[in-house]
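We're numbering straight along the sequence, starting at 1.
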Amino acid sequence: MDMKSIYLLVPLAPLAGAVIAGLFCRVIPRWVAHTATILGVAIAFALSCVIFKDVMAGNTFNGTVYQWMTTGDYKFQVGFLIDQLTVTMMLVVTFVSLMVHIYTIGYMQEDPGYNRFFSYISLFTFSMLMLVMSNNFMQLFFGWEAVGLVSYLLIGFWYTRPTAIFANMKAFLVNRVGDFGFILGIGLVLAHFGTLDYNIVFDKAKSFADVTIPLFGAGSSVSLMTATCILLFIGAMGKSAQVPLHVWLPDSMEGPTPISALIHAATMVTAGIFMVARMSPLFELSDTALSFVIVIGAITALFMGFLGIIQNDIKRVVAYSTLSQLGYMTVALGASAYSVAIFHLMTHAFFKALLFLGAGSVIIGMHHDQDIRNMGGLRKYMPITWITSLIGSLALIGTPFFAGFYSKDSIIEAVQLSHIPGSGFAYFAVLAGVFITAFYSFRMYFLVFHGEERFGKAHDTHGHDAHAKHDDHAASDDHAAHGDDHHGADEVHEEHHGLAPGQKPHETPWVVTLPLVMLAIPSVIIGYIGIEPMLFGDYFKDAIFVNAEAHPVMEELHHHFHGAVAMALHSVTTAVFWLAFSGVALSWFFYIKRPDIPAAIKARVEPIYTLLENKYYFDKFNDVVFAGGARLLGKGLWKGGDVAVIDGLIVNGSTRLVGWIATVVRFFQSGHIYHYAFTMIIGVFVLLTLWVGRV
């Protein structure tokens, strides 16, 4: 089999599994659905490994597979660009997706939508592969919209739940805002470059560095590269959940846990980070765009981390962690450290998938209770989930020698060395984020796996920062009240919610724990293995472009690097290490040693707590300004345009005009000859008058 056929098989294998499980979901047994989809993703992963080996041997590919439309001078093609950046994403997407597919067998075994779910997640994998393998903007946009569509289907998988439908519609609409900017950016590329092919655009980019375009009229203008890059990044803000287009991501928890892991680790949210890294030849031509990127990323990294501190739903803690870590990746992009951003994307994919799947394992063991205030002491009941979750948490907070340490510390150092406007604030944000991440991560870890067992006990009896039942539980109760029969691992009737008195948690079956172990391995070693070739070698030599003269961050970072071991050993003398250590120590003191303190702090800072609980009022602002404004605009167009102009003037107005003319004419249609004679005389008189006037 030639390499071009292998390239085609990588996305087509998951698509074939999705078609089998989807089209025949009502007639095939469950084992056929999960076998077909797992086999398809496994083939994609195996072939990605073959392609990785071929690329490492120096063989890259950029070519057209199919030309599907020609209009004028523009050709719209399906093509693949296979280089180091692409193959890295292919390996991450297919491996994490494979683990999620296997995990889903155990997690969704009681759900009546079992076959449909496997079809969706396999289709999700296909969509993401088409996105990362594309060699042109049109195919990129196809994959971009496809992952958005499938995420809509998956977030609202339990479609009879009002909260799930609200969440998937919210995700869909917020991403439409980002995608509007994205397609405008693609339109600027097509209008000025005359092509959508990456290589041609990148080759021509320097010649457009000084080109300006009108902005809001002829009196002002903006750099073409700045406008294009900012518009493209607005698309990334939607997909990769950057402030203020982040509001959909926490609500995506309404979907089953496996899809939460897939969305948050390897697929949809990484699309924006990948896209900006791929567009590095364009972003390097605009410091304004880079400054915009780094500031947005810093705000997201810091302020979304704060929200993780007060969450009591185990999945939402991990969700806000994802938001914060995406901010770190975005900050690295803004600092021109694109390879560092992709490196953190890769390490994060493994340990974040591990944390989400670990959270799902806890939910199963706790009989579907997601509130961490109802847990405690699970270490002895769920040893595999405990140790793998600990590994994921250690990787997340940047513990030396773990995967997250090498990528996260590299981001912080790169931002410190950057001179892009806004880098000072970004450095403060990512540094403060280290302490915050360590605090909320181990707050969850200690409350879940250590301390006193709180199974079946009432909230707020141990001084934890408790508040009313979380939205997820309310959603489950509401769902149960409607009598829906879709009750998977996250969705059960209220009477079965949580452990019964005297009941103990239990370890989950091997189809759940095996993916945890498989994800824990790269969460430990992949950073140590990858840092030198990916950041300081020639791994991304032709895939990522950096203007070293204008943005010498990577060169300065290389100057400070003396090996993976030396970096880890040196870290114990840095502020980053001690901030992380302080966060862990404080969380242990608050939630194990003195659990009365958080409640006392909450009482003293109630306004701040209320602000965080309401997520900085972004949702309310969107409801009032954007949703309310859209409704007001729609009502105005309806009343003023549709009712008044179209119906009132054009449709009904023309009817009234014809009726009035008919009424006048009716007077002359009396049947009397003298009326007809009079009409003829008047008519002749009018015609003569017009003729004389023309002469």
Side-chain angles (χ1 to χ4, degrees), residues 10-23 25 33 37 40-41 44 68 76 78 89 93-94 96-97 100-101 104 113 115-134 136-161 163-186 232 234-241 245-249 251-256 258-275:
V10 172
L12 290 181
L15 178 61
V19 169
I20 292 170
L23 290 183
C25 65
T37 52
V41 176
W68 62 275
F76 300 98
V78 176
M89 294 296 298
V93 170
T94 54
V96 173
S97 181
V100 170
H101 275 70
T104 299
N115 292 359
R116 178 167 59 94
F117 187 80
F118 271 99
S119 175
Y120 285 172
I121 58 175
S122 197
L123 186 61
F124 207 180
T125 306
F126 158 76
S127 303
M128 189 66 185
L129 286 170
M130 288 296 289
L131 188 156
V132 301
M133 295 174 71
S134 62
N136 62 85
F137 285 91
M138 184 57 67
Q139 187 177 327
L140 172 71
F141 188 71
F142 163 77
W144 196 268
E145 293 304 304
V147 294
L149 171 63
V150 183
S151 69
Y152 169 82
L153 297 173
L154 283 163
I155 294 169
F157 180 76
W158 290 310
Y159 52 83
T160 55
R161 282 175 61 174
T163 50
I165 296 304
F166 176 82
N168 73 349
M169 184 58 69
K170 186 177 183 179
F172 188 82
L173 293 176
V174 171
N175 274 276
R176 296 292 69 73
V177 176
D179 292 352
F180 179 68
F182 188 58
I183 200 168
L184 287 177
I186 293 175
L232 291 174
I234 288 173
M237 288 168 64
K239 280 290 181 288
S240 294
L245 301 182
H246 67 284
V247 292
W248 67 271
L249 194 61
D251 292 293
S252 69
M253 298 299 98
E254 287 293 335
I259 193 52
S260 300
L262 200 54
I263 287 177
H264 286 242
T267 51
M268 185 161 167
V269 298
T270 62
I273 307 300
F274 163 78
M275 183 273 292

**Request:** Taking side-chain contact (heavy atoms from CB on, under 4.5 Å) as the test, write out the residues that go with Ala241, two or more places apart.
**Result:** His246, Trp248, Leu249, Leu323, Leu326
**Asked** Mind checking what makes side-chain contact (heavy atoms from CB on, under 4.5 Å) contact with Val19, not counting sequence neighbours?
**Response** Leu15, Leu23
Under 3.5 Å, which donor-acceptor pairs link side chains of residues 136-143 to any protein atom two or more places apart or in another chain?
residue	atom	partner	partner atom	Å
Asn136	OD1	Met138	N	3.1
Asn136	OD1	Gln139	N	2.8
Asn136	ND2	Gln77	O	3.1
Gln139	OE1	Gly79	N	2.7
Gln139	NE2	Gly79	O	3.3
Gln139	NE2	Met130	O	3.4

**Request:** Tell me, please, which residues at least two apart from Ala13 pass side-chain contact (heavy atoms from CB on, under 4.5 Å).
**Result:** Ile43
**Phe126: ring-ring contact (aromatic ring centres under 6.0 Å, His included) partners, not counting sequence neighbours** = none
**With sequence neighbours excluded, residues passing ring-ring contact (aromatic ring centres under 6.0 Å, His included) with His101** = none
**Item:** Pairs meeting criterion salt bridge (Lys or Arg N to Asp or Glu O under 4.0 Å) with involvement of residues 137-146, two or more places apart
**Value:** Glu145-Arg176
**Residue list, side chain to side chain donor-acceptor pair (under 3.5 Å) with Ser151, at least two apart or on another chain** = none
**Item:** With sequence neighbours excluded, residues passing side-chain contact (heavy atoms from CB on, under 4.5 Å) with Ala164
**Value:** Arg161, Glu254
**Prompt:** Which salt bridge (Lys or Arg N to Asp or Glu O under 4.0 Å) pairs, counting each pair once, include a residue from residues 258-270, with sequence neighbours left out?
**Reply:** none
**Complete:** Residue pairs passing the salt bridge (Lys or Arg N to Asp or Glu O under 4.0 Å) test with at least one member in residues 119-129, sequence neighbours excluded, are none
**Item:** Greater than 12 external heavy atoms within 6.0 Å of Ile183's CD1
**Value:** no
**With Phe274 via ring-ring contact (aromatic ring centres under 6.0 Å, His included) - residues at least two apart** = none
**Request:** Classify the side-chain pair Ser97/Thr125 by whether it contains a donor and acceptor separated by less than 3.5 Å.
**Result:** yes
